[in-house]
Amino acid sequence: MSRRVALSATLAGVLVAGAAGGTVLWKQQSEQDRLDQGARAAAQSFASAWSSRQPDQARYAGSSPTAVEANFATATAALGKAPVKVAVQSVDRTGDRGTAVLGVSWTLQKGVTWSYVDRVQLTRQGEQWAVLIGDGSLWHPKLTANGAFSVQQDPGTRGEVLGRGGKPIMANAKVHDIVLDPVNADASSAKALAGVVGVSESSLVDNLRAAHKAGARGPIPVITYRESDYSSRKSQLGAIKGVLALSRTQPLAPTRTFGQPLLGSFGPVTAEMVKKDPTRYRAGGYAGTSGLQGTYDAVMAPTPGFTVTPEGHPDTVLFERKAKDGEPLELTLDAKTQAAAETALAGTGSVPSALVAVDVRTGNLLAVANSPAVGFDRALTGHYAPGSTLKVATTYSLLSHGLKPTTTVNCPKTTVVNGLEVKNYEDESYGAVPFSTDFAHSCNTAFVALSEGMADTDLHEAAGQLGIGGDWAEHLGVPNAYAGSVPVADGETDKAASAFGQGRTLTSPLSLAVMAGSVARGSFVPPTLITSPAAKGARHDATPLDGTVVKQLHALMREVVTDGTAPVLASVPGAPVYAKTGTAEHDSSGKDPTCWIVGWQGDVAFAVLVEKGVDGGTTAGPVAKAFLGNLN
């Protein structure tokens, strides 16, 4: 055999041997890849089953899928139905065992994400791979095999409503929700409870029967008590079977009616609120439901926090979201002035009334009082004919155009403008007298005569200079606050009616208090109620009024008290009182007119409204006197 042939044969043998070895190596590598893929597939199957909250869909060694499903339900019960995403980050296999590293991400309350790394063991069972159940938990590395998550809630603290000087006027305090437990209560329980708390017996019994019929087990709300109210009834309530007192904290004013309806209420979330904003409100929760509590609920409401720990080990924190306390709502209201206003309004009995007080120096609202303290906020949002209180604006215009307080202006019993007959209150007639007398005694016919020389825009412009009208109410921070409206006159009749506050003129107690404060101060400053959070729109600087005219108006409004329609205020102790009364008729009958008085004493300007009465001086005057007396 030649050397070449022998070499070729040798090389051929080597190549054959190499090919066989390569085949073996290839087969070995292929087997390893198959095992790796099997382990990874088992890990992926488990991750997908966990993500779908159906862990029984995966394969296990050492336990059944049903048992794992039950363990998952127990371990994660405290997390509720929180969505979870589980992804396989890596799989490390050695022989028939492996370890899968999983990225777990729970979406908890308010969309908060809790992420962590978990490890599970894998094992081969014949041709299949499975998750190996060991001594620990599948669901978190710090849980025991039969352990469970525990969630502790931290509701946070609601922001309080602060008044002048940062003093709380709605402070957080303990309350007690009195409820009926339908599991233990019966009809006799409902009847006894109704007698103690003063609610309808039949209604409470019907609610309990409906709960029994439906098989409901949740408590039936009945009434919420402040601490003092609960303490006086505690023993009686405790003696009734099935009655529970559930304690919590909520903002409370000094009394139930203090600052209402402006401040508003805090209480159970209604079905309507949930329907309107399901992302913010939930059934069974509590929130601001009306007034400023409702409008600024998002500001004052805390952001709840919570802590996840292993059950039985509260010091082992697995995840924590700290609560964020709500922000306070800071107002300019003064508690003493508000209380004085509300006490004064009590004198109007069942007749609706309102009082707004303004700090003359700053324009800040000191009191916003309504009676009754339920329903709409007539003090800030009411629309009323101002009657003769608008003569302050008419007079400002007349004096600005040259009229003197000493100018003689006739005050006949009646006058006619384009067929419209205008008369004075109780058919009074003062004859030819100085304008100051016409103003002090609120002579309609004199003002009608003077209106003939006014331009159609004069009263509109004068009212605006004193604060009636404009867009400042939009920036007060109270929905539907009303700045009033004095339209440009539409002809002689409209101008004549507007001159003494009838016709198309409309105001609120708020706008008239702002007018009084403007005259007292000598400048117009848009009022402020909410200082934090800052209201939308910048509050502009004071707009000066005509100084000479303001001094004349001061003298005229003082004469209303000393020798005019508001003598009731002459005896108020302290600084001199300046005022203007008003009586606005609803119809031609003149019955039950709206009664007004506006003015100021020292640094407090005010406007008082009584919806029905005799006249401004007789009906609203005593309320103003009581208010100022309460302040002194």
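Throughout, numbering of the chain's residues begins at 1 and tracks the sequence.
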Can you tell me how far apart [atom1] ([X]) and [atom2] ([Y]) are? Round to the nearest 0.5 Å.
| X | Y | atom1 | atom2 | result |
| --- | --- | --- | --- | --- |
| Q338 | F258 | CD | CZ | 5.0 Å |
| T581 | K391 | OG1 | NZ | 8.0 Å |
| T249 | Y286 | OG1 | OH | 11.5 Å |
| M515 | T507 | CE | OG1 | 8.0 Å |
| M300 | T295 | CE | OG1 | 8.5 Å |
| T255 | Q260 | OG1 | CD | 8.5 Å |

Do [X] and [Y] have side chains that get closer than 4.5 Å, going by heavy atoms?
| X | Y | value |
| --- | --- | --- |
| T389 | I597 | no |
| I178 | L237 | yes |
| Q153 | V151 | yes |
| R164 | K336 | no |
| D615 | T565 | no |
| F606 | L628 | yes |
| M170 | L292 | no |
| L329 | V299 | no |

- Hey, mind stepping through V568 and T618 against side-chain contact (heavy atoms from CB on, under 4.5 Å) and telling me if it holds? CA-CA 8 Å; V568 68; T618 304; over 6 Å; no
Shortest non-hydrogen separation from [X] to [Y] and the atoms involved:
| X | Y | result |
| --- | --- | --- |
| P182 | A216 | CG-O, 3.5 Å |
| W596 | A620 | C-CB, 3.7 Å |
| L108 | A82 | CD2-CB, 3.8 Å |
| G602 | V360 | O-CG2, 4.0 Å |
| L180 | A185 | CD2-CB, 3.6 Å |
| S247 | H176 | OG-ND1, 3.0 Å |

Greater than 12 external heavy atoms within 6.0 Å of [X]'s [atom1]:
| X | atom1 | value |
| --- | --- | --- |
| D471 | CG | yes |
| R282 | CZ | no |
| N480 | CG | no |

Got a donor-acceptor contact below 3.5 angstrom from the [X] side chain to the [Y] backbone?
| X | Y | answer |
| --- | --- | --- |
| N370 | A379 | yes |
| R521 | S523 | yes |
| T619 | V614 | yes |
| D592 | K612 | no |
| T531 | E330 | yes |
| S150 | T309 | no |
| N630 | A340 | yes |
| S290 | S265 | yes |
| W472 | G467 | yes |
| S511 | S508 | yes |

- Item | Pairs meeting criterion side chain to side chain donor-acceptor pair (under 3.5 Å) with involvement of residues 550-559, two or more places apart |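 Residue pairs passing side chain to side chain donor-acceptor pair (under 3.5 Å), neighbours aside: none found.
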- Contacts of T548 that satisfy side chain to side chain donor-acceptor pair (under 3.5 Å) - sequence neighbours left out: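 Per chain and number, T548 pairs via side chain to side chain donor-acceptor pair (under 3.5 Å) with no residue.
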- Message: Taking side chain to side chain donor-acceptor pair (under 3.5 Å) as the definition, give me every residue that meets it alongside W106, ordered by chain and number, with sequence neighbours left out.
- Response: Y116
- Would you call R158 and D297 a salt bridge, taking side-chain N to carboxylate O under 4.0 Å as the test?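 Looking at D297 together with R158, the answer is yes, because their closest N to O distance falls below 4.0 Å.
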- Query: Strictly under 6.0 Å, is that where the ring centroids of F149 and W114 end up?
  - Reply: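 Between W114 and F149, which both carry aromatic rings, the centre distance is below 6.0 Å.
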- Query: What's the verdict on side-chain contact (heavy atoms from CB on, under 4.5 Å) for L333 and V368, showing C-alpha distance, side-chain angles and the deciding distance?
  - Reply: CA-CA 8 Å; L333 292 186; V368 177; 4.1 Å; yes
- Stepwise, does the side-chain contact (heavy atoms from CB on, under 4.5 Å) test hold for L390 with L459? CA-CA 9 Å; L390 195 63; L459 181 54; 4.2 Å; yes
Between [Y] and [X], is there a side-chain donor-acceptor contact under 3.5 Å, judged purely by atom types and distance?
| X | Y | result |
| --- | --- | --- |
| K580 | S442 | yes |
| E327 | Y296 | no |
| E461 | Q465 | no |

- Task: For the pair L262 and L529, evaluate side-chain contact (heavy atoms from CB on, under 4.5 Å) and give the outcome as yes or no after the intermediate values.
- Result: CA-CA 11 Å; L262 171 67; L529 172 64; 4.1 Å; yes
